[in-house]
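See structure below.
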Amino acid sequence: MARVSRAEQLRWRLLGYQPSDTLLGWAGPGVVALVGGLLRFWQLGSPHRLVFDETYYVKQAYSMLKYGIEMRSSPDIQKHDEFFTNGTPDVFGKTADFVAHPPAGKWVIALGEQLFGVDSSFGWRFSVALLGTVSILMVGRAARRLFGSTFLGIVAAMLLAFEGHHFVHSRTGLLDLIVMFFGFAGFCALLIDRDRSREVLSQRLRPSSFGPWLGWRPWRWAAGVLLGLGAATKWSGVFFLAVFALMSVLWDAGARRAASVPRWWLGAVLRDGPYAALSLVGAGLVTYVASWFGWFRSTIGYDRHWAEQSPGQGPQWLPAALRSLWKYHQEMYSFNVGLNSGHPYRTNPWSWLILGRPTSFDYQGPKRGEAGCTVALCSKAITSIGTPTIWWGATIAVFVLLFMWALRRDWRAGAVLAGLAGGYLPWFQYQDRTIYSFYTIAFVPWLVLACTYVLGLWIGGPTASPRRRRAGLVATCVFVVGTVALFTFFYPVYTSQLLTYPQWRMRMWFPSWI
């Protein structure tokens, strides 16, 4: 038997098992993403009206195309949404509007409007549907890299493709799936960086107290830009940046420890930490500020000239434009943390994972003779109900992940928990604020990865007995088929299909779903 060199042993400790079936590793999740994309783009323009918070973001996106900033709706127009959707999209007055969220996500929506026309509901939903489709491929590739299994990568892609909450968001011109996309893309970039940096470590390792410097690491810079774009879509994206920056440094510390670097912790802090701060936090901050380019170029943007009109106020070490932006952000922060209204779909984050109260995006109750209804009362609804197998399965999986991370030191469990922490836990500090369960789309990919992780444990590794592997594969197939079946069952209330009222009620499993 051939002896394994020390370098090969070190590489194995650092990188672990890497699947070699490259073609299937791309083709499997790619085919699933294609199917998921077809589902998301099919009749994407229906209904041809602004649903839910599209009334804000779709119109603001067009305003940014036309004016570079968000303009306030004209007081001379009474029914702005009807004007906008019926061929008169310029419903704006001459005054800049105060908005609660940064501009990046609205520029993403504006791209679809530019390509297909602002009078096209397909156009104003196109960009989000595209990101939703690409994220299916991304989760498949991320699962393959995390779990060292092309099969589990395909399973993860399947679960996301048929996840109802993700599906509804992919077909609606809102900001939250854009936050999810950039946050998850940053996570994927850091996964690639983790493997690349460990490869470098295995090649550069020399006798040293701290270990070698691992270079500039372009994937970490890419992650900084992507996470910055997430924060520039909604401020909640900044929590992903904070959590993933810490996660990345902990990964570096683990790599140095696995390589038997004597002072591995100090090596990670002193040699990796400063560059992590520069490439993640620094690049993220620059990206965030750059996303305001339309506001900087404007002469009438909200608070654009506050610094000139308020001499001596604000941080004097900043240029006037940045002082004005600082003031604008203070007002945005006060609005966001102080929002408190009695909205009927207001929820508490404690109920999110168990699907306590899904958000209704649209509901119409046509009667006989209206909209094709042939019975006394019908329903047409868009309700963002997550596929129960995934959400309830992930709720259980979280406890398995905590055990495997805390007691078994499984970095993969920690990585999935980091995504859940960045997207979910921060909302617990805002329980008195008006918040909604549709925010949960930001961490849906990690729910899928949590389920996939537990299914992988069930199947077992290459050394597991054939009986166990067969049982695990059967359980995984049953889980996936059950997910697809439930998605199919709820499909009519994801896509505003005409149902009789009893058919709609049959899909509202709990009173809190109505």
Side-chain angles (χ1 to χ4, degrees), residues 52-64 67-73 92-93 95-110 173-180 182-183 227-242 281 284-310 313-341 343 346 422-423 426-436 438-439 441-442:
F52 196 49
D53 282 356
E54 284 185 336
T55 186
Y56 304 115
Y57 308 128
V58 168
K59 289 187 295 188
Q60 289 172 358
Y62 173 68
S63 173
M64 294 174 74
Y67 302 101
I69 58 171
E70 302 92 333
M71 298 293 287
R72 187 172 299 169
S73 297
F92 308 104
T95 307
D97 198 9
F98 167 78
V99 294
H101 301 298
K106 286 164 276 188
W107 282 115
V108 172
I109 295 172
L174 305 183
L175 301 180
D176 299 85
L177 186 133
I178 304 173
V179 175
M180 179 223 80
F182 286 129
L227 294 170
L229 287 171
T233 299
K234 269 191 168 184
W235 281 358
S236 54
V238 78
F239 295 111
F240 283 127
L241 176 58
V281 180
L285 178 61
V286 170
T287 301
Y288 178 86
V289 174
S291 73
W292 288 84
F293 69 91
W295 182 87
F296 282 116
R297 293 179 59 187
S298 169
T299 58
I300 61 171
Y302 187 89
D303 270 348
R304 179 63 184 83
H305 297 291
W306 175 85
E308 292 92 331
Q309 297 164 0
S310 308
Q313 298 188 43
Q316 296 301 298
W317 53 274
L318 287 174
L322 291 179
R323 288 206 305 277
S324 297
L325 187 63
W326 181 268
K327 172 61 175 177
Y328 193 172
H329 277 59
Q330 287 180 317
E331 295 183 52
M332 291 169 65
Y333 179 79
S334 297
F335 173 84
N336 278 300
V337 300
L339 184 62
N340 194 339
S341 66
H343 195 283
R346 175 175 178 166
W427 291 108
F428 284 92
Q429 64 183 320
Y430 302 116
Q431 294 183 67
D432 295 330
R433 178 192 185 274
T434 301
I435 53 179
Y436 308 92
F438 74 87
Y439 298 166
I441 186 61

- Among W292, W295, F98, F335, which one satisfies ring pair (Phe, Tyr, Trp, His ring centres under 6.0 Å) with H329? W292
Is the shortest heavy-atom distance from the side chain of [X] to the side chain of [Y] under 4.5 Å?
X    : Y    : value
T233 : W107 : no
K234 : D176 : yes
W326 : P315 : yes
T95  : M71  : no
H101 : N336 : yes

For [X] against [Y], the heavy-atom pair lying closest together:
X    : Y    : answer
G294 : I69  : O-CG2, 3.7 Å
I109 : Y57  : CD1-CB, 4.0 Å
S341 : T434 : N-OG1, 2.6 Å
P103 : S291 : CG-O, 3.1 Å
D97  : Y302 : O-CB, 3.6 Å

What distance do [X] atom [atom1] and [Y] atom [atom2] have between them, rounded to the nearest 0.5 Å?
X    : Y    : atom1 : atom2 : answer
Y436 : H343 : OH    : NE2   : 4.5 Å
M332 : Q330 : CE    : CD    : 12.0 Å
E308 : R323 : CD    : CZ    : 7.5 Å
L227 : T287 : CG    : OG1   : 9.5 Å

- Using a cut-off of 6.0 Å, state whether more than 12 heavy atoms not belonging to R433 lie near its atom CZ. yes
- Message: How about OH on Y56, more than 12 heavy atoms from neighbouring residues, nucleotides or ligands closer than 6.0 Å, or not?
- Response: no
- Query: Between the main-chain N or O of Y328 and the side-chain N or O of E331, is there a donor-acceptor pair closer than 3.5 Å?
  - Reply: no
- Evaluate the side chain to side chain contact (heavy atoms under 4.5 Å, CB included) criterion for residues F182 and F240: first the C-alpha distance (whole Å), next the side-chain angles of each, then the deciding distance (0.1 Å), finally the verdict. CA-CA 10 Å; F182 286 129; F240 283 127; over 6 Å; no
